[in-house]
**Student:** 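Quick one: this structure, given as structure tokens, is what I'll be asking you about.
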Amino acid sequence: MALKVGMIALGCAKNLVDSERMLGVLRAAGFEITRDSNRADVLIVNTCGFIGPAKEESIKAVLDAARAKEFGACRALVVTGCLSERYRDELWQELPEVDAMGGTGAAAGIVDLVREAMAGTRPRHFEGCDISELDRLPRVLATPAHTAYLRIAEGCDNRCAYCVIPTIRGPLRSRSLGDVLEEAQRLVASGVKELVLIAQDTTAYGHDRRERQGLDVLIRELGQVDANWVRVMYAHPAHLDEKIIAAMAASPNCCAYLDLPLQHASPSVLARMGRPPLEVSLGTISRLREAIPAIALRSTFMVGFPGETEADVQLLLGFLEEMAFDHVGVFVYSLEDDTPAATMTPLVDEKEAVSRRDRAMSLQQSIARRNNAGRVGSIITVLVDRSGRSRSYGRGEHQAPEVDGQVIIRGKAVPAGELVRVRITGAGAYDLKGELV
């Protein structure tokens with residue numbers, strides 16, 4: 001009987017793709033994949049190690065899985081991902097419950113890692129893996145069958161003062177254009193209708209390769225692929241040039257949507273963060289909205305960065321009001337060892353930082369509610385994610401999976417994966433309500 005493997009995937013979409021690769025390799029090797037962790041002979045926890053709350057969530061997941069090993073069917077616990085890559089020695093010593101450990105490139109050797117763990121040898125494998133090799137591995141989608149993340153690069157050459165990603169994931173390594181297009185074709189042939197482009201910095205795609213074929217070329221080529229939607233996430237404001245914007249505007253299937261993390265609006269805070277000056281972001285947003293008038297913009301911001309003052313927060317709040325982004329996430333600064341920001345002062349009191357986040361999010365909710373109210377009465381295309389008895393749930397072109405709101409379609413259950421026309425009849429801060437046309 002085949003051994004059953006369960007996966008607990010934490011963190012970002014890039015980490016989810018790593019999890020999908022591991023599952024694909026294991027299934028190809030004859031293991032059975034189960035969604036029920038109580039039935040799994042082997043549990044893999046693919047961890048996140050980006051910021052404090054993510055690290056805490058990862059440790060909790062490992063300890064929960066260890067209890068499943070003690071009281072359930074689980075016979076081996078394997079830990080992989082960013083947290084184990086970053087703290088490989090500390091975790092190994094402090095978590096004797098773990099039977100095997102790998103890093104961010106664990107997918108290439110996951111079969112050996114699992115087999116050795118089952119044999120009781122307590123292996124650790126942290127060998128690097130070329131991104132081209134890694135992303136040619138088999139894959140089991142953990143997303144709905146009609147949506148898939150398409151990773152186009154690994155690592156990052158940016159040096160933001162607060163970020164450990166270059167330390168964990170290494171420098172920028174872009175996949176070849178041919179490899180990306182080949183995987184896109186395979187995904188579409190399997191029924192995927194929405195391709196979500198991801199990397200640590202999608203707009204830096206191709207900068208490290210000799211042929212210098214960048215994101216603009218990729219978007220135009222994907223415009224020839226039979227996908228309904230191509231969505232771009234994790235863009236960098238300083239790297240979003242005119243060629244990329246023109247390609248987005250011209251592509252027949254590129255969503256009028258962009259995820260553009262800006263982090264702050266105070267010039268002094270941005271300078272300490274090592275982020276682009278505010279005028280760069282303002283210019284980028286202006287060019288985007290001029291070239292693609294209907295574009296929906298998502299951004300993320302950080303509060304509580306060392307030295308941030310109330311005046312800086314007021315600048316951020318004013319910026320949010322002025323820009324009227326469709327979607328915004330705000331998170332509290334997390335002090336991370338081995339980053340330039342770790343030595344910066346003065347530190348912002350944690351309660352004050354949380355209060356600043358709550359103020360920013362409260363403002364954004366009112367902005368988003370106002371933006372959504374403007375959609376009432378319009379007719380939009382919705383990709384259905386799931387259905388109930390008398391309603392369905394999906395997303396418009398302006399809503400990315402997992403991070404944005406949804407459209408609730410009342411009156412009829414529509415099969416997942418269908419693209420339908422919906423008249424918007426109601427709106428809140430996050431979700432829209434509508435009816436089939």
Side-chain angles (χ1 to χ4, degrees), residues 11-14 48 50-54 156-169 172 198-204 232-240 258-286 288 297-336 338-348 350 352-361 363-364 367-368 400 403-404:
C12 65
K14 284 87 69 178
C48 177
F50 180 43
I51 57 176
C156 187
D157 287 344
N158 302 322
R159 288 297 179 264
C160 303
Y162 50 81
C163 187
V164 296
I165 292 299
T167 302
I168 298 173
R169 294 272 179 175
L172 173 68
I198 59 170
Q200 272 70 41
D201 174 3
T202 53
T203 43
V232 181
M233 305 293 289
Y234 309 116
H236 191 286
H239 300 155
L240 190 70
L258 188 68
D259 172 45
L260 188 70
L262 299 179
Q263 307 307 350
H264 217 283
S266 164
S268 61
V269 174
L270 288 168
R272 292 197 301 278
M273 286 180 168
R275 296 290 295 179
L278 182 61
E279 54 267 26
V280 171
S281 297
L282 287 170
T284 296
I285 293 168
S286 177
L288 274 167
L297 293 179
R298 173 181 178 81
S299 193
T300 52
F301 296 90
M302 180 191 302
V303 294
F305 192 77
E308 182 190 60
T309 65
E310 176 60 26
D312 294 322
V313 177
Q314 289 301 319
L315 286 172
L316 173 58
L317 297 178
F319 181 74
L320 290 175
E321 186 70 62
E322 180 185 358
M323 292 295 103
F325 295 113
D326 295 270
H327 313 284
V328 163
V330 182
F331 61 98
V332 172
Y333 166 72
S334 173
L335 191 154
E336 298 299 322
D338 303 321
T339 63
T343 61
M344 292 182 182
T345 57
L347 297 179
V348 176
E350 184 176 356
E352 175 60 27
V354 170
S355 173
R356 292 174 180 181
R357 178 199 63 194
D358 293 346
R359 288 161 58 195
M361 284 306 301
L363 172 61
Q364 176 57 31
I367 294 168
V403 294
D404 298 332

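Hydrogens, waters and symmetry mates play no part in the numbers below; they use all other heavy atoms, side chains included.
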**Student:** Flag the pair Val303 / Val330 as yes when at least one side-chain heavy-atom distance between them is below 4.5 Å, and no otherwise.
**Tutor:** yes
**Student:** Is there a donor-acceptor pair under 3.5 Å between the side chain of Thr202 and the backbone N or O of Met233?
**Tutor:** yes
**Student:** If you take all heavy atoms of Pro261 and Thr300, which pair is closest and at what distance?
**Tutor:** CB-OG1, 3.3 Å
**Student:** Output yes when a side-chain donor or acceptor of Thr203 lies under 3.5 Å from a complementary backbone atom of Ala235, and no otherwise.
**Tutor:** no
**Student:** To the closest 0.5 Å, what do you measure between CD (Glu336) and OH (Tyr162)?
**Tutor:** 12.0 Å
**Student:** Any non-hydrogen side-chain atom of Glu350 less than 4.5 Å from a side-chain atom of Tyr333?
**Tutor:** no
**Student:** Just one of Leu258, Asp326, Asp404 clears the side-chain contact (heavy atoms from CB on, under 4.5 Å) bar with Arg298, so which one?
**Tutor:** Asp404
**Student:** Please report the shortest heavy-atom distance between Tyr234 and Asp259, naming the atom on each side.
**Tutor:** N-OD2, 2.8 Å
**Student:** So, Arg272 side chain and Pro306 main chain: donor-acceptor pair closer than 3.5 Å or not?
**Tutor:** yes
**Student:** Supply the atom-to-atom distance Arg275 CZ to Arg159 CZ, rounded to the nearest 0.5 angstrom.
**Tutor:** 13.5 Å
**Student:** Within a strict 4.5 Å, meaning less than it, do heavy atoms of the Pro276 and His236 side chains meet?
**Tutor:** yes
**Student:** Over all heavy atoms of both residues, which pair between Ile165 and Gln200 is shortest? Give the atoms and the distance, please.
**Tutor:** CG2-CG, 3.3 Å
**Student:** Val328 versus Ile367: any side-chain heavy-atom pair under 4.5 Å?
**Tutor:** no
**Student:** Shortest non-hydrogen contact from Pro237 to Leu262?
**Tutor:** CG-CD2, 3.8 Å
**Student:** For the residue pair Phe301 and Phe325, categorise the inter-ring angle as parallel (less than 30°), tilted (30 to 60°) or perpendicular (more than 60°).
**Tutor:** tilted
**Student:** Are any of the side-chain heavy atoms of Val403 and His327 separated by less than 4.5 Å?
**Tutor:** no
**Student:** What are the two closest heavy atoms between Leu317 and Leu363, and how far apart are they?
**Tutor:** O-CD2, 3.3 Å
**Student:** Please identify each residue that fulfils side-chain hydrogen bond (donor to acceptor under 3.5 Å, both in side chains) with Glu310, with sequence neighbours left out.
**Tutor:** Gln314, Arg359
**Student:** If you take all heavy atoms of Cys163 and Phe50, which pair is closest and at what distance?
**Tutor:** SG-CE1, 3.8 Å
**Student:** Can a donor-acceptor pair be found, under 3.5 Å and without considering hydrogens, that links the side chain of Ser299 to the backbone of Leu260?
**Tutor:** yes
**Student:** Using only atom types and a distance under 3.5 Å, with no angle test, would you say the side chain of Thr343 pairs donor to acceptor with the backbone of Pro340?
**Tutor:** yes
**Student:** If we only count heavy atoms from C-beta on, is the Leu270 to Leu278 side-chain gap below 4.5 Å?
**Tutor:** yes
**Student:** Spell out, as yes or no, whether a donor-acceptor pair under 3.5 Å connects the side chain of Ser334 to the backbone of Gly52.
**Tutor:** yes
**Student:** Let me confirm one number: the CG-CD distance from Leu347 to Glu352, rounded to the nearest 0.5 Å.
**Tutor:** 13.5 Å
**Student:** Between the side chains of Asp358 and Ser355, is a donor N or O closer than 3.5 angstrom to an acceptor N or O?
**Tutor:** no
**Student:** In Å and rounded to the nearest 0.5 Å, what is the CG to CG distance from Leu297 to Leu288?
**Tutor:** 6.0 Å
**Student:** State the NZ-SG distance between Lys14 and Cys48, to the nearest 0.5 angstrom.
**Tutor:** 9.5 Å
**Student:** Does Val280 offer a backbone N or O that forms a donor-acceptor pair with the side chain of Thr284 under 3.5 Å?
**Tutor:** yes
**Student:** Side-chain contact test, heavy atoms from C-beta onward, threshold under 4.5 Å: evaluate it for Arg356 versus Met302 and give yes or no.
**Tutor:** no
**Student:** So His264 and Phe305, do their side chains get closer than 4.5 Å, heavy atoms only?
**Tutor:** no
